[in-house]
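Everything below concerns the one structure shown next.
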Amino acid sequence: NSTVLNSISYWDNSNWNPMGIGVWWPLTSQPNDSAGGGAGGLVEYNSKLYIAGAFIGAGGTNINDTSHYANNIAKWDGNDWNPLTQAGDGFNNGIGSIFVYKGNLYIGGSFDTGLDSSGFTVGIGLLRWNDTTFSNVGNLDGDFPPNAEFSAEAFTEYHVKLIKGVYFTSIDGSPFVSYSGIAAWI
């Protein structure tokens, strides 16, 4: 099969099929050369499918469609991928994980800023999305393992708590030995 999928597709019980033109970097006009870092996570939130990862754009009519610049996170409307609220929304670096918890979408990665229609929100490695705006839920810091960037790369819910993990040793300046890569949000 020669269909280009660009990091996202759906299975129809026979074949993998494209979902629009997928996610992309605006480096070329050839879709198969432009998928960038691809998808870091998929989740359904408020009846929409969200994709997050390392990409500049999602969907649109061509790879360089600036109205579809989504900066590492986009949502599917049933026909095409779109930025969160407007072109250019998203994050200044890649996203490693997304997770729905208590009616909000939690986003973790190696970013330090999120942009939505209300402006920039600083959130080092971790932000919350309420389907309208971002909010800060703590800033990650640390060097765990050595020379790794701060990042929340995994989420799950366990005993009614949001658990996040991977590369951080402190949150909001707490002592560096207190988290060692895993923490709970109550």
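FYI, side chains are in, hydrogens and waters are out, and symmetry mates aren't considered; it's all heavy atoms of this structure.
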| message | Test side chain to side chain contact (heavy atoms under 4.5 Å, CB included) on Y50 and W129; report intermediate values, then the result. | response | CA-CA 11 Å; Y50 283 75; W129 173 253; 3.4 Å; yes
| query | Does the N72 side chain pair with the main chain of F55, one donor and one acceptor, at a distance under 3.5 Å? | reply | yes
| task | Indicate yes or no for a side-chain donor-acceptor contact from H68 to the backbone of W81 under 3.5 Å, with no hydrogens or angles considered. | result | yes
| query | Short question: side chain of N15, backbone of N17 - any donor-acceptor pair under 3.5 Å? | reply | no
| task | Give a yes or no answer on whether the side chain of D89 reaches the backbone of Q86 with a donor-acceptor pair at less than 3.5 Å. | result | yes
| query | Taking all non-hydrogen atoms of both residues, which atom of I95 and which atom of A52 are closest, and how far apart? | reply | CG2-CB, 3.5 Å
| message | Is it true that D77 and N82 share a donor-acceptor pair across their side chains at a distance under 3.5 Å? | response | yes
| Please walk me through it: do L105 and F99 pass side chain to side chain contact (heavy atoms under 4.5 Å, CB included)? | CA-CA 6 Å; L105 181 62; F99 192 79; 5.9 Å; no
| note | Looking only at heavy atoms, the pair that brings A58 and A74 closest together is CB-CB, 3.5 Å
| field | Minimum heavy-atom distance N6-I21, with the two atoms named | value | ND2-O, 3.0 Å
| query | From L115 CG over to T85 OG1, what is the distance, rounded to the nearest 0.5 angstrom? | reply | 7.5 Å
| Of the non-hydrogen atoms in V23 and S7, which two are nearest, and what is the gap between them? | CG2-CB, 3.5 Å
| task | Could you tell me whether the side chain of K75 and the main chain of L84 form a donor-acceptor pair under 3.5 Å? | result | yes
